[in-house]
Amino acid sequence: MTVIDRIETWRLPKLLVVRVTDSDGAQGWGQTAARAADVTQAALHTLVVPVALGQRADPLHVTEVVWNAEYKMRGTFLARALTGVETALWDLAGRRAGQPVWRLLGGEAPRDIPLYISRRTRKTTPQAEIDGIHAEIAAGGYRGIKVQIGDRLGRGPEGPPGRSEALVDALRAAFPDHRLSADANGGYAAIEAIKIGRRMEAQGFHHFEEPCPFDDLAGTKAVADALDLTVSGGEQDNDMGKFERMASGGVVDILQCDLAYCGGATRTLAVARLARTHGLPFMPHSPTMSMLQVFALHVLTALPPSGEMHEWRGASDREPWAEELYAPLPAANNGLTRAVAGPGWGITVNIDRLRRAEREVFDRRSKVKG
Ligand SMILES: [Mg+2]
């Protein structure tokens, strides 16, 4: 097997684009999660590059050696930085094999993935929210809807008073046939979450995401125990021990993780395996249209259908920078999408769009920045 010869990073305002080159000159592209690109870049350059250069160009191997070599630094920034290199290595492996990444991850055939439209605001009135959802559904044909309720981590009101309760009631009346979900982003204490959860149950909601702060496992479990509604969580996490406690301890009914927060496709599949071991559906979190959504769709294609719909940002929530940088990005059609066909992730990066980004190059032979 070839080894990693070069790692390049381009820093965009919110995230890093990463390219890995192996000792045969084969290349693959990856990306990190949005937010704190400068800190992620420092973590990638300081923690991941020195370990990864010269290693076998194998995402499973590099995941293991980086996570173990930098065990004292485990946490979100090591996971975010690892994701950039790990996803580039899957792309490289897929391109070398002439196969889509989903096949390398164990998938057998491409399939349609049902989508829910995921709303990203708490500031709207219920009526404005319903109007916005109607417009999204007219464009994308989604059969599921997720709205935001509560106040993120209980940090204080972001929207009109009484919005959450009114929205839960109004949503069912406006969309009698859709699968309804709500995401509190950790907004409630358990007792309050159960209260609004009962209201959601009365309206036939399907799923309640992060009812309590993500580190409040006891509170989240109390909500999952009290409600018939399925409770999900895990999108903030990167610790396999915590995922295990969530899955084995009845904390959630649906286990989630975000590929770019937990360290890449290898670790995401490990979380999916944990879910399967404990008889839970697995539902990745996928916040933005970019390579992040591309990665999530490949992982979903590699897994058996869970019965859950996949998170999708609609036409009102576009990412123009990603549309200019990557092609072809996945599209929604009649409420369904598919993983982009390979090889690799199937994405061509328009390198001209990276010209203004700060680029750094690390080469195995020189062991110094190029
Ligand atoms: Mg969420």
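Atoms within each ligand, like the ligands themselves, are counted from 1 in listed order.
Atoms of the protein (N, O or S only) found under 2.8 Å from the Mg ion (ligand 1) are Asp183 OD2, Glu209 OE2, Glu235 OE1.
The only member of Glu210, Glu235, His310, Glu209 that meets side-chain hydrogen bond (donor to acceptor under 3.5 Å, both in side chains) when paired with His285 is Glu235. The side-chain hydrogen bond (donor to acceptor under 3.5 Å, both in side chains) with Asn185 is formed by just one residue from the set Arg152, Gln236, Arg122; it is Arg122.
Atom CD of Glu70 and atom CZ of Phe77 lie 15.5 Å apart (nearest 0.5 Å).
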Could you walk me through whether Asp38 and Arg11 pass the salt bridge (charged side-chain N to carboxylate O under 4.0 Å, His left out) test, one step at a time? CA-CA 8 Å; Asp38 50 351; Arg11 193 171 111 196; 5.2 Å; no
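Between His45 and Leu16, every side-chain heavy-atom pair lies at or beyond the 4.5 Å cut-off.
The aromatic rings of Trp345 and Phe295 sit tilted relative to each other, their planes meeting at an angle between 30° and 60°.
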